[in-house]
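Quick note on labels: first sequence line is chain A, next is B, and so on, each numbered from 1.
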Amino acid sequence: MELYFLVLLIAIMVFALTSGFPVAFSLPGSAIATVAIAAFCGWVFEGNVDAYFVLGGPNQWLSAGVTNYRSLYWDVERDTLIAIPLFIFMGIMLQRSKIAEDLLVAMAQLFGPIPGGLGISVVFVGALLAATTGIVGATVIAMGLISLPAMLRNNYSKSLACGTICASGTLGQIIPPSIVLIILADQLSSAADQAATTRKAEYKEATGEFSMPGDFDVVTASAGDMFMGAFIPGMILVGIYMLYILISALIKPENAPPVPFEGKFDHRFILKVLLALVPPLALILIVLGSIILGVATVNQAGAIGAIGAMIMGSYRLMEGKPRAYYPAILAIGSIVTIAVLLKFFDLNIKNIQNASDAFGIALACIAVAILIGAIVWATWRAFKIDDTLRGVMMDTAKTTSMVFIILLGAAMLTTAFRGFGGEELVKEHLTSLPGGFWIQFVVVMAVIFFLGFFLDFLEIAVVVVPIVAPILLADPSANVTAVWFGVMVGLNIQTSFLTPPFGFALFYLRGVAPKDVKTTQIYKGAAAFIVLQLVGLAIAGAFPSLVNYLPNKTHLVSETAPPPSNPRLQECLESYLFSEYDARQSELQQSIDRIQTSDLSFLPDEYQERLNESYGLAANTFDLVDAVRVAEHNLDEYSPAYRPLHQQVRQIQKSMRKLGQRIELLDDSRQRLTFSDDVDQQRIDDIMVTIDSLKAEQQALEGGIPGNWKDARAEFNTLAKAEKMARLKYRQNVDESYTVILTVQEMIDQTDALAALQTQVEPLIERVRQQDAEQGLDALKAFESEIDQLAETHRITSKLSRAKRALRGNNPDKEQVVANIRLAAEILQAELQWRQRADGLAQDLRDYDQIIASTLGMRMQQRLTSDQAESIASCLAVHRDLSLHF
Amino acid sequence: MTSFNSMLISRALAYMMVCGVFLYLFNNYLVYWQDMPGCYLLFSHYGWFGLETPSSPLDEAQITQGWGQFILYLLVLSACVGYALKSQNRSLEQESVRFAVLSAYIIRCSFWSVLLVGFIDMVISFLRVEGFLDFFVGEWLTSQLGRPIFRGSFVHYPLIVASLFFAARFRSISFSWLALMCVLAEILIVVTRFVFSYEQAYMGDVVRFWYAALFLFASAFTLVEEGHVRVDVIYTGFSRRKKALFDSLGSSLLGIPICWVILMHGMGGRGNSINSPLLSFEVSQSGYGMYVKYLMAGFLVVFAVSMLIQFVSYLLYNIAQLQDPGEHEAQLSYRQLITSNSSN
């Protein structure tokens, strides 16, 4: 029955949308209308308003919808969305202060003389503006007004010209910073959470083990990740566009003839080009750079962009007048000053230690005051001149509202969709498609592409993604990252701007294009670029590394990077290290041999033993690596033959589980019937019959499981376990081997500190004797904690603890205390003795450490080096099939 | 039905709708803040409309209060009909403008409240986190300002009342300034974080506070400005009357119900998602952030009420278009009608 209401929901939605009522209200409105109708029908026909909902009733679902409304801005988790108004502000500011226009004119003059040059300049500017605005309408209109007449005047083919402008205008959707990417990231992060839960449950069901290893987890996506993931594909798209225009200009020169520049290429022209090009480029570099380097959050970068745009606007609005550049110069000057101050002073305002700090902060305050003055000045100009600021604020408010109210509406719609069981339905149909993940993925992408003909990117991103993403991301057989999925969706819905009849870019261009450009010409031109976009989509799909590499790399070198011992990195780290071992085995072996000749005789027995053991373990590493390889090889050998069987059986088991669930549900209702007041025996019998037939079906399915399954699975498990054990053994081995080296080095390094503490022993004993127990205890505690900070001093501190214990209580035994302190001092003395002779050993160990730190000792380091991060990032960027473990 | 009658009916319904929403909010205050029973409990007390009687029946005083509330509804709603009858000489366009002006005033009030409360609360939070508050206001007030109820009742509420005045006085300043405020508040974080390594929860709170207000408050005006995106493949080809027909159907069947659902499900009970934070002066968990989270639940009320009134205004305009015979273009589009009448 719910199905009918699901259909009704979609029918009302389609009707409301096509009737032209604003999308933001059509989506939740149709959801509410359907819920109301379902509740009413339930009340009339079944006497129960909840009857036609899968779970719960109209009140719960609507309340959940309203709570969803609130959750859009309620918690810190969704704060990335704040970046949207900031980036919109930045884009509109650049547009309204005519910075974008200058750029377009200058680039056209610069690129004009090469074949297809005007077109290429449009793509170039489109990419640049895209990065700054991300607003399709504004970009397309600007280019349609400025570039289209120029291109037509110079006999460009109309369809090529129009296609170029439309397509370049949409680049803003995929080239960061882009609003689509932020919204996708917002949707994907909750989808990834859901997917992770599903995958964990699946793992538990399939293997019976309670917790899933961390490296099988679903990789989620933040807005910053999405920006970085989309960067390379975006650039590739720009390259494809340019190449297409160049090639078509070369094949058919009359389509895109070169346009000679009438002015002179003199220094004034160069200055003009630089002035138009450098500031926006610098702004983009700052905004994107600060995100990519992990310095600023996406929101902070957005604010920097908005303020930067306003300062740029402040001189453009005053163009030609004296003092036009003053605010910009002031701002840049103060920022440079602050940068210098940061270099020389510690400006942490909560941590002022001395006069120098205070002086630095005073200077910084002046610089900040000047910066604020410059910002206020720029704001004032924007406010005063042509009412620019008011217009920008109003457009920002309206655009932001348009975006967010759709987000709100979609939240209500998906709630109702869930209420009528739509999610389950989609899931069932999607997962029952033959051919696994890739077929599902292609189907989803085709649906999104198709919806793009009618809907805008926003609706697709907020309605379709939350429904399909959790299903696709959970699939362990492809194990795709959320970033990759998001970028693929982003690239796909970018086409929605170009697909008639409802393509935003086409609309806007139609609005500003001269009458003699036919609408079909615009469509025809756009069609070529749609194909190019699909090519770009295919490239990003075939090489996931293009998307995944940059976010991984940034993550691994950022300040919050995981340490090399992080479990998620291990497989990739090992594949990197193993090849290092191969390349450097003789060198490593030599240094292990060399360190073994170093004299240890003066060391206490314990450390002699431990060091010797460490050397032994180090030498043993290569054998363990071989063992890992053998285990891995065995597993790889076995897997291909085993895979079809695995898939077949898991499919059968899944169907059996589904039947099991149905049986359980039926059994529940049967029990409820038996306990009700008037027992309806007929219905109970019916249910029993159904249950029996379902059970029979289940058994038939079970019979379909091949006989060799159990053995085959056991064999796989053994091999997988062997591989895991081999790896664990290797890890344990290198860790143990390396820790000792670190400890002994640390101990020797701390010799002086220990010697300094030794001189405190006698004064301490004096104090304990002279003063009362409490004061003595304090002194003792202070001494103990100082000793405790040094490495390997537990034997000393244990004596001191004993001394402390003797000092506590009602009648402290001072002699006992002193005796214990003396014992501690003796040990300390012994320690000092060997340590003071260990200079030679220290040097040997240092040399040894230097050689093995990036190999055997890698897991114990704090951070990855840049080279390693690169190698591991590209290793992680490849999607790994995990299905056999599930 | 003659066009005269249908105009009367739509006018009366419009007034009932708008008065009804204010009455609903007032009753919500009476029920959940002043513990009056409200109509629902009254009806269930008598077992009307098939409602189950509550386990503890109402006492005498509550029954009187309940009747009072019920009669208030009846009185106000019938007054609406009376007013509609009396003011028949006004055109629907004029009514439409009237409601749009009302909606804009509500938004302006909310804007000023959010601006003032955000700013003052940020200053208080800053002083409190850094321990300067003692110095300015003394120990007693410092500890009081650490209590959400006190800060809400004696700082936020007076500011909200003051904003009623500001909204009437400064009519050209409204929600769009929040866009600039968001940018400035976020750049403040950037400067203090990168220069002085100083970042506190209240700084993020104020950005979130203003940004949420920005898009929720802007929605009504965005409707006026045709800023809410439409799938206009077919819509652009419609005649004026057909557009008016679909827009009035959309407003009444899709738009207005959304607003009511937000209000009824957000405020239908003590624990609902709007009422519960408002009642308890909910604050964010970071402790030393701003104390304005409960007001952010109220944003949804502002959104729903302003949208409701705007939809009523839009509906009246479109009904007027339907009444107007002939296929010629409208003299004034909705946007022109509202902007030309509300700016002077």
Side-chain angles (χ1 to χ4, degrees), chain A residues 16-26 28-30 32-33 62-63 65-67 69-70 73-74 76 79 82 85-86 89 296 299-300 302-304 306-307 338 342 347-350 361 364 368 371 375 379 389-390 393-394 396-402 404-406 454-456 501-502, chain B residues 175-180 182-184 186-187 189-198 204 207-208 211-212 214-216 218-219 221-223 225 227-236 238 243 246-247 249-250 253-255 257-258 261-262 265-266 268 272-274 284 293 296-297 299-300:
Chain A
L17 284 176
T18 46
S19 80
F21 199 67
V23 176
F25 307 106
S26 298
S30 40
I32 289 170
L62 289 180
S63 291
V66 175
T67 314
Y69 270 33
R70 201 183 70 173
Y73 58 84
W74 196 245
V76 190
D79 265 5
I82 296 178
L86 303 177
F89 189 98
N299 297 354
Q300 289 161 352
I304 295 171
I307 291 292
I338 290 169
L342 279 170
L347 295 183
N348 188 336
I349 204 162
K350 302 284 273 184
I361 287 182
V368 167
L371 178 62
I375 294 173
T379 316
L389 183 61
R390 199 176 275 273
M393 291 188 312
M394 192 48 102
T396 308
K398 283 193 300 195
T399 315
T400 311
S401 185
M402 183 270 277
F404 279 91
I405 306 300
I406 292 182
F454 310 99
L455 295 178
D456 178 14
F502 186 64
Chain B
F175 62 89
S176 68
W177 283 85
L178 287 172
L180 183 66
C182 284
V183 172
L184 293 181
E186 186 75 41
I187 202 78
I189 298 182
V190 174
V191 170
T192 57
R193 180 183 156 196
F194 288 103
V195 182
F196 301 116
S197 321
Y198 178 84
V207 181
R208 199 176 314 113
Y211 127 92
L214 172 68
F215 69 79
L216 288 172
S219 176
F221 191 67
T222 307
L223 185 73
E225 293 268 308
H228 285 299
V229 62
R230 296 168 185 270
V231 180
D232 45 5
V233 191
I234 308 178
Y235 184 78
T236 30
F238 282 167
K243 275 184 189 166
F246 280 109
D247 278 338
L249 281 178
L253 297 180
L254 302 171
I258 299 170
V261 164
I262 294 177
H265 284 271
N272 287 24
S273 54
I274 296 178
S284 54
K293 197 170 190 182
M296 285 168 71
F299 288 180
L300 274 183

May I ask you to name which of [options] has the most heavy-atom pairs under 4.5 Å with chain A?
{"options": "B/Phe194, B/Phe238, B/Phe221", "value": "B/Phe194"}
{"options": "B/Val190, B/Val195, B/Ile262", "value": "B/Val195"}
{"options": "B/Leu249, B/Leu216, B/Thr222, B/Val191", "value": "B/Thr222"}
{"options": "B/Ser176, B/Ala297, B/Ala212", "value": "B/Ser176"}
{"options": "B/Ala179, B/Gly204, B/Gly268", "value": "B/Ala179"}
{"options": "B/Val261, B/Leu214, B/Ile274", "value": "B/Val261"}

[X], part contacting chain B, at a heavy-atom distance under 4.5 Å:
{"X": "A/Asn348", "answer": "both"}
{"X": "A/Val23", "answer": "both"}
{"X": "A/Leu62", "answer": "both"}
{"X": "A/Ile304", "answer": "both"}
{"X": "A/Leu17", "answer": "both"}

Chain A contact via [X] - which portion, at a heavy-atom distance below 4.5 Å:
{"X": "B/Lys243", "value": "neither"}
{"X": "B/Leu178", "value": "neither"}
{"X": "B/Ile258", "value": "both"}

Say whether, by atom type as modelled, one donor and one acceptor occur between the side chain of [X] and the main chain of [Y] under 3.5 angstrom.
{"X": "B/His228", "Y": "A/Lys398", "result": "no"}
{"X": "A/Thr400", "Y": "A/Pro85", "result": "no"}
{"X": "A/Asn299", "Y": "B/Glu186", "result": "no"}
{"X": "A/Thr67", "Y": "B/Ser273", "result": "no"}
{"X": "B/Arg193", "Y": "B/Tyr198", "result": "no"}

Return the minimal non-hydrogen interatomic distance between B/Leu300 and A/Tyr73, and the atom names on each side.
CG-OH, 3.5 Å

Modelled atom types, side-chain donor and acceptor of B/Asp247 and B/Tyr235, under 3.5 Å
yes

Compute the ring centroids of B/Phe215 and B/Phe299, then answer whether they are less than 6.0 Å apart.
no

Based on non-hydrogen pairs under 4.5 Å, which of A/Ile361, A/Ile406, A/Leu86 is most in contact with chain B?
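Among A/Ile361, A/Ile406, A/Leu86, the one with the most close pairs to chain B is A/Leu86.
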
